[in-house]
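Every chain is numbered from 1, with letters handed out A, B, ... down the list of sequences. Predicted model, so just to flag it, every value in this text is computed and none were measured.
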Amino acid sequence: MKKYGLSAQEKIKSRKEFETIYQLGKTIHSSNNTIKANYIVDIEEQYPGVEIAVAVSRKSGNAVWRNKLKRLLRESYRINKTDLLNLCSVNNKKVRVVFSTGTFNQREYKKLKLNDVLPGVIEIIEMIKGSI
RNA sequence: AGAUCAGUCCGGGCAAUUGCUCCUCUAAAAAAAUUGGAGGGGAGGAAAGUCCGAACUUCAUAGAACAGGGUGCCGGGUAACCCCCGGGAAAUAUAAGAGUAAUCUUAUGUUUACUGCUAGUGCCACAGAAAAUAUACUUCCCCGGUUUUUUUAAGACCGGGGUAAAGGUGAAAAGGCGGGGUAAAAGCCCACCGCUCUAAUGGUAACAUUGGAGGCAAGGUAAACCACACCUGAAGCAAGGUCAAAUAGAGAGGCUGCUUCCCGGCUUGUUUGGGAAUUAGAGUUGUUCGCUCGAUAGUCUCCGGGUAGACCGCUAGAUCCUGAUGGUAACAUCCGGACAAGAUAAAUAAUUGCCAUCCCGAUUUUUUUUGGGAUACAGAAUUCGGCUUAUAAGACUGAGCUAUUU
RNA sequence: GCGGGUGUAACUCAGUUGGUAGAGUAUCAGCUUCCCAAGUUGAAUGUCGCAGGUUCGAGCCCUGUCACCCGCU
């Protein structure tokens, strides 16, 4: 597995997994309330690891803006995922996370840059690490 | 040269690092999956809105008609079209000319759902006398009567007619304008203009031009119902097809167990222990065992079903590019060349550097140098042909306008 | 992706042969009451989502556009 990659096995795809995360998982926000995350932690002996997904509400912007935000969220996770993966494989845990927008919309951030998204994602990853 | 309007085009580039997705080849014994390596492809002019038209698929359907829906000047293009091209007519903007003016003519552009209200029905508020079979409020004119003034005569009032010329209302008032005519008027008559009908000529046609007749009869509204002509079955790739876990079973088969009553125990359940009945599910048989059938329970296999999921549909096509020929053009034909995204909680990106274009500031006579900022609208989802809407900066063409120079 | 629907007062809704746009709630003022509530009388409030067109005249008819909502794995 690539160190900074994000392949199809690390994504959440089925509808049932999303429903369990939204019903049973916990919700946390970043400090400036821009980014939200729902996550769930299970014990998994054979295949420990992390699965993620990214969701952006239809009301926050048009299609180009939403796609770009999703790419940036994935990029932010991809760069900072190494510590979280190591922690999971040591403790035999499986973490599933759905990143989504809180009060983040196109009017306030017309031009998106990586630096707009990165701090919130790092903060959330630290919070999840703390809860393991 | 500038700004304006209209149309057409274009829709930043290169490199490094880190990633995503599809295809081909290759290694891990083979197949599948996965991983590694190499190579190649990876958003638009609107991909958007989903407003039209098709291809394709399934369902329905003997055929025809009605209803419903759509289209509506003429000719052509097209697979088809509420599309495109050419032409006609009308409206309108600007400029010039004519005219006292209304207005007309010419040129250039723009727009047009541009069949029919001389088939029928409906509607036209308020105002106004009257709003569609015209009527007669105030005027105007004639005749008769009464009355006043000094008389002819004139005024006032009443009655009977004439008229639609003037007034006022309205979006719109029953051809317009000028002359004749008359008691006053009136297409009552005449010229010009308009309208209707009709003939000839030109044109494939829409229509145009010219002549003749009528003598005004015919207000507006069909994006009112409707009439006429032509077109039209319905739904949509979440269409539809193939494979198919889990689960439920309503089906088929195999294997195992299976009578009823009473008493006791405790785990209060059709569980276990003991006893009794011998008519003990039915058949076979003298009887028992056994066997067959049936009921019921468990378990296994199949069956059908088609969910999760996977695959096909899925990208080579009314395809794109260059050139030639025909055509005013839309477009057609031919020669040659190219293969150019195919994802599915949904890829096509992120960061950095350099360059490009534009803007602002500093420096400088200019060139230059340097700092900062900006680079739009927007993301394929079965595929095409159009339409509509959004769009930074730039390029080109045309039109008239303004300024300068000659 | 495909299909369908709705925009009228601060809120919930009426508004059909096209002719000066209404109801209820809420708001404000008066009356009533010692005061409040309730009751009662009155007032104010609208670019009829936006832009064009047809018509003498458009909330209504037609076209375009914007926003919102619903259904179909």
Quick one: does A:Ser30's side chain have a donor or acceptor within less than 3.5 Å of a partner on A:Ile35's backbone?
yes
Whole angstrom value for the distance that separates P of B:C20 from CG of A:Leu73:
17 Å
Any non-hydrogen side-chain atom of A:Val98 less than 4.5 Å from a side-chain atom of A:Tyr39?
no
Below 3.5 Å is the cut-off: list the nitrogen or oxygen pairs between protein and nucleotides 346-348 of chain B, distance only.
from	atom 1	to	atom 2	distance (Å)
B:A346	OP2	A:Arg74	NH2	2.9
B:U348	OP2	A:Arg71	NE	2.8
B:U348	OP2	A:Arg71	NH2	3.3

When you measure from the side chain of A:Asn80 to the backbone of A:Ser76, do you find a donor-acceptor pair of N or O atoms at a distance under 3.5 Å?
yes
Protein heavy-atom contacts under 4.0 Å, written 5' to 3' over nucleotides 67-73 of chain C as B (base), S (sugar-phosphate only) or - (none), form the string --S----
Quick one: look up who B:C291 pairs with, Watson-Crick or G-U, both distances under 3.5 Å, and put none if it's unpaired.
B:G283
Watson-Crick and G-U pairing of RNA chain C, under 3.5 Å, as dot-bracket with | and [ ]
(((((((..((((.....[..)))).(((((.......))))).....(((((..]....)))))))))))).
Measure from the side-chain heavy atoms of A:Arg78 and tell me the nearest of B:G19, B:A345, B:A350.
B:G19
A:Ile79 CD1 to B:U352 P, in whole Å, measures 11 Å
Within this structure, what is the CD-to-P distance between A:Glu75 and B:U17, rounded to whole angstrom?
16 Å
Using a 4.0 Å heavy-atom cut-off across all strands, classify A:Ala63 as base, sugar-phosphate, or nothing.
sugar-phosphate
Just the rounded figure in Å: distance from C1' of B:A378 to NZ of A:Lys68.
12 Å
Residue met sooner reading RNA chain B from 5', once A:Ala53 and A:Val64 are mapped to nucleotides
A:Ala53
